[in-house]
2 protein chains.
Amino acid sequence: MLDLLIEKIKTDKEYDDNFQKIFVETEITSKTTLLNEGEIANHIYFIKKGCLRLWFNKDGKDITLQFFFENQAVASIDSFLSDKPSMFTIESIEPTIILSLHKDNFARLLQHFPDLKDGFQEIMYRRFSNYAALFLSRIKDTPQERYNDLILNHPEIIKRVPQHYIASYLGITPISLSRIRNRR
Amino acid sequence: MLDLLIEKIKTDKEYDDNFQKIFVETEITSKTTLLNEGEIANHIYFIKKGCLRLWFNKDGKDITLQFFFENQAVASIDSFLSDKPSMFTIESIEPTIILSLHKDNFARLLQHFPDLKDGFQEIMYRRFSNYAALFLSRIKDTPQERYNDLILNHPEIIKRVPQHYIASYLGITPISLSRIRNRR
DNA sequence: TTGGAAAGATAACAATTGTTAAGAAAAGCA
DNA sequence: TGCTTTTCTTAACAATTGTTATCTTTCCAA
């Protein structure tokens with residue numbers, strides 16, 4: 001989605017000059033927090049290289065909801081859209097290069113490219129739908145089933161993401177994941 | 001939300017005459033299914049009297065997501081809005097009197113009362129936000145914690161809804177709920 | 001009113017996960 | 001390279017929940 005926007009801007013003379021002011025490129029190390037749970041989200045991030053995760057705190061432990069990789073847009077959407085405290089933290093799990101887009105600039109861009117507006121609404125819709133499915137799987141399926149699903153449908157996550165984050169994604173302890181892995 | 005719409009219509013001369021054609025009142029017995037998982041939702045329901053629940057199937061067992069009571073609007077929203085197969089079933093758990101509003105009439109009403117449109121969008125937003133919180137609690141909290149929360153914040157549910165549905169809402173077996181109850 | 005179905009409680013056992021702890025392997029950094 | 005930290009595995013025990021089965025109570029409809 002943002003990739004489309006970025007292309008659009010780069011081919012727009014007026015905006016191209018300011019591109020680097022609007023999309024701020026930053027290099028962050030592993031374990032850098034971009035947004036803390038409880039803060040209000042002011043940016044959308046676009047991952048040029050690396051990997052982020054979205055998680056929230058439960059009694060001192062973290063529960064991971066989603067992983068994001070190259071060419072994906074990341075934000076704590078609910079917070080970004082409605083200025084509410086974010087329910088989630090966004091953090092890097094690899095050295096990562098991101099493009100940050102500030103809320104204000106985002107609003108300006110939507111005004112300047114009004115034909116992106118509908119697309120954005122549509123994308124928000126789909127994102128919500130995705131979240132519903134994600135949550136549903138979390139309720140419906142056992143950790144074992146969800147791990148099998150990861151192997152089948154998202155082997156790249158298994159390969160790239162440290163196991164304790166995967167355990168956190170599955171909602172179990174690393175110890176329990178270790179057991180599941182050696183059960184097969 | 002629908003209650004506002006209903007009021008609005010009743011004070012509108014042109015529409016008042018057709019009210020009973022638009023909002024079809026139906027009396028259903030307990031355990032009547034209004035919408036099956038997999039079907040496309042064509043109606044929003046408004047509960048005049050009684051109680052509905054929203055659930056989905058997991059390996060032959062049902063998992064309840066939400067209960068609805070008097071004066072609440074109920075729909076499988078994702079399906080209703082985007083014509084996708086419903087992820088949920090809607091079923092009565094008491095003899096219930098509902099007002100059914102068909103999708104087409106709903107669209108017509110929004111056109112006839114355009115000032116309701118923004119409010120509707122806003123409500124959709126809040127509904128999504130609610131769902132997020134609901135799902136989150138389901139992931140974050142133990143059945144024990146969620147049961148305590150029910151007692152504290154929704155005693156009417158405890159009183160009114162049969163225990164095996166509450167167990168299904170908590171995501172556990174009736175047996176396990178029975179144990180939790182006798183643990184305190 | 002009464003008989004069958006539904007709802008709820010209890011028990012015994014199995015399966016899964018969490019917790020604590022300790023050690024091995026791998027990765028990262030000076 | 002060598003040292004420290006992080007990551008992963010394994011073990012033993014506790015806690016929780018699921019499963020199967022039985023029994024009691026409640027509810028509803030013929």
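Residue numbering restarts at 1 for every chain, and letters A, B, ... go by the order of the sequence lines.
- Distance I175(A) CD1 to dA14(D) P: 17 Å, rounded to the nearest Å.
- Ring geometry for Y169(A) against F67(A) counts as tilted: the plane angle lies between 30° and 60°, on a 0 to 90° scale.
- Close to dT19(C), at under 4.0 Å from its OP1 or OP2, lies a side-chain N or O of K61(A).
- If you check distances only, the side chain of R179(B) does reach the base of dG18(D) with a donor-acceptor pair under 3.5 Å.
- M87(A) approaches E37(A) most closely through the heavy-atom pair O-CG, 3.4 Å.
- The side chain of P143(A) lies closest to dT17(C), out of dT17(C), dT17(D), dT10(D).
- Heavy atoms of P174(A) sit nowhere under 4.0 angstrom from any nucleic acid atom.
- Each of V24(B) and V74(B) belongs to its own hydrophobic cluster when Ile, Leu, Val, Met, Phe, Trp and Tyr are linked at side-chain heavy-atom distances under 4.5 angstrom.
- Nucleotide dA11(C) holds its C1' atom 13 Å from the CG atom of N182(B), rounded to whole Å.
- In summary, the aromatic rings of F135(B) and Y131(A) are positioned with their centroids too far apart to meet the 6.0 Å limit.
- If you take NZ of K58(A) and P of dG18(C), they are 12 Å apart, rounded to a whole angstrom.
- Along DNA chain C, the nucleotide nearest to V161(B) and the one nearest to T173(A) differ in position, and the one closer to the 5' end is contacted by V161(B).
- Here the P atom of nucleotide dC28(D) and the CD1 atom of I93(B) are 13 Å apart, to the nearest Å.
- Phosphate proximity of dT9(D) to Q163(A): present, with a side-chain N or O under 4.0 Å from OP1 or OP2.
- If you measure from atom CG of L177(A) to atom P of dG18(C), you get 10 Å, rounded to the nearest angstrom.
- Using modelled atom types, one side-chain atom of T173(B) and one backbone atom of S176(B) make a donor-acceptor pair closer than 3.5 Å.
- Look at S176(A) and you'll find a side-chain N or O under 4.0 angstrom from OP1 or OP2 of dG18(C).
- The side chain of I172(A) lies closest to dG18(C) when the candidates are dA9(C), dT10(C), dG18(C).
- Taking side-chain N and O atoms only, H164(A) has no distance below 4.0 Å to OP1 or OP2 of dT6(D).
- Rounded to an integer number of Å, the gap from CG of L170(A) to P of dT16(C) is 16 Å.
- Here dA9(C) presents its P atom at 12 Å from CD1 of I180(B), a figure rounded to the nearest Å.
- Put simply, CZ on R160(B) is 16 Å from P on dA7(C), counting in whole angstrom units.
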